[in-house]
Amino acid sequence: MNDSNRIRLTWISFFSYALTGALVIVTGMVMGNIAEYFNLPVSSMSNTFTFLNAGILISIFLNAWLMEIIPLKRQLIFGFILMLLAIAGLMVGKSLTLFSLCMFVLGVVSGITMSIGTFLITHMYAGRQRGSRLLFTDSFFSMAGMIFPIVAAMLLARSIGWYWVYACIGLLYLAIFVLTLCSEFPVLGNKGENSSEPVVKEKWGVGVLFLAIAALCYILGQLGFIQWVPEYATKTFGMNIDQAGKVVSNFWTSYMIGMWVFSFVLRFFDLQRIVTVLAALATGAMYLFISTDNPEYLSYYIMALGFVSSAIYTTLITLGSQQTKVSSPKLVNFILTCGTIGTMLTFVVTGPIVASSGVHAALTTANGLYLAVFVMCLLLGFVTKHRNHGHTTH
């Protein structure tokens, strides 16, 4: 593979994470406007976004096998067509059923691109370089989380239709589409140069289970927290939508900076040990955020939370890929799938909690999930195989 093609594939990975980040993160910003559009309470409208998360989950789960059947380039081209149809449906549709269908399609497209993007990074890079590359790739998720809440707030403040937010997100897939047309992709399955059979036969070990649980709890905790921050900030502290959007943007800005920092720092530390420390610090930072009664401290605490939690998820994926001697696409997709289950459960879990006990209870639940991540990372230290396979020396 020549360097220019590798660079193009790497940028496809970057934009794939940005696409997923934009779709998931803007939910908290546009949910109120969409609920008003369909004349529904916010707690009921939040359940509708489960279709988006379900689409992401199903596509990531299935793509572990589809990548060996359907060429990656064909998947991305077909995804571009689906993206156009879904955005058009949001613009012209007036029914909640069509909205839910379009959300599901956007989720499917997002999940496919994200699973392909993750595979490309784990396929092209190895050892600690893989970890730093995955971390930098995931920074585009947070970059989208920094940019698109601001874009959404600007559009909504000017009474521009909420569906134009999704049209802006569609520009990310346009970039993926253009890069796809110019690139050559690795061939998987029986036609590939390297058979994946040895990877399939190799036992994953109990460490993968701990990583899977940690990934699920982390994503569920993170999204369960950040999706309700705008509601928490406006209702508890009397902020307007622009101020609440800035709080969310502060989180993702700090998250992105943290990823850039840790993409360099992680090369010098054992991944299992540092992810355990980061999980503990993130749990503490979130506790400070939900415990303070001073709105001036919210930005400081959420920025600290964003920074220290930025490297957790990609480090979990990297550690998962290092539990076998040769990285397995199915193992990587398994960790991703578990994380995406957390995405799908975001409103399923937090919606009823908010309806019965309020937003603060949902944030407290998220804090408990972060504590569970810390426990899983701690237990991983006793069973991890990444040191045995020499991944720590690269």
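Atom set for the values below is all heavy atoms of this structure, side chains included, hydrogens, waters and symmetry mates excluded.
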Main-chain N/O of [Y] paired to [X] side chain as donor or acceptor, under 3.5 Å:
X      : Y      : value
Thr318 : Thr314 : yes
Asn5   : Glu184 : yes
Ser254 : Ala304 : no
Ser249 : Lys246 : no
Ser291 : Leu288 : no
Gln243 : Gly238 : no
Tyr173 : Ile81  : no
Ser110 : Leu106 : no

Measuring only between side-chain heavy atoms, which start at C-beta, is [X] closer than 4.5 Å to [Y]?
X      : Y      : result
Leu23  : Ile56  : no
Phe289 : Asn367 : no
Pro186 : Leu120 : yes
Val373 : Leu369 : no
Ile302 : Phe225 : yes

For the residue pair [X] and [Y], what are the closest heavy atoms and their distance?
X      : Y      : result
Thr234 : Ala244 : CG2-CB, 3.9 Å
Met67  : Leu72  : CG-CD2, 3.5 Å
Ala362 : Thr350 : CB-CB, 4.2 Å
Ser309 : Tyr255 : OG-CE1, 3.6 Å

Whether over 12 other heavy atoms sit under 6.0 Å from [X] [atom1]:
X      : atom1 : value
Phe237 : CZ    : yes
Phe78  : CZ    : no
Asn294 : CG    : yes

| request: Report the relative orientation of the aromatic rings in Tyr313 and Tyr218; use parallel for angles under 30°, tilted for 30 to 60°, perpendicular for over 60°. | output: parallel
| query | Taking the six-membered ring for Trp, are Phe264 and Phe268 parallel (under 30°), tilted (30 to 60°) or perpendicular (over 60°)? | reply | perpendicular
To the nearest 0.5 Å, tell me how far [X] [atom1] sits from [Y] [atom2].
X      : Y      : atom1 : atom2 : result
Met83  : Leu174 : CE    : CG    : 10.0 Å
Cys168 : Tyr163 : SG    : OH    : 12.5 Å
Ile274 : Leu281 : CD1   : CG    : 10.0 Å
Leu101 : Phe51  : CG    : CZ    : 9.0 Å
Cys217 : Leu316 : SG    : CG    : 10.5 Å

Exercise answer: donor-acceptor pairs, residues 85-100 side-chain atoms, under 3.5 Å, sequence neighbours excluded:
residue : atom : partner : partner atom : Å
Lys94   : NZ   : Tyr37   : OH           : 3.2
Ser95   : OG   : Leu98   : N            : 3.2
Ser100  : OG   : Leu96   : O            : 3.0

| task | Would you mind telling me which of Tyr17, Trp260, Trp11 makes a ring-ring contact (aromatic ring centres under 6.0 Å, His included) with Phe140? | result | Trp11
| Applying salt bridge (Lys or Arg N to Asp or Glu O under 4.0 Å), which residue pairs with at least one partner in residues 215-237 are found, sequence neighbours left out? | Glu231-Lys235
| field | For Ile335, the option from Val208, Leu319, Thr118, Leu216 that meets side-chain contact (heavy atoms from CB on, under 4.5 Å) | value | Val208
| If we ignore angles and hydrogens, is there a donor and acceptor under 3.5 Å between the side chains of Ser4 and Asn2? | yes
| query | Do Val165 and Met154 belong together in a cluster built from hydrophobic side chains that touch within less than 4.5 Å? | reply | no
| field | Test of ring centre spacing under 6.0 Å for Tyr301 and Tyr287 | value | no
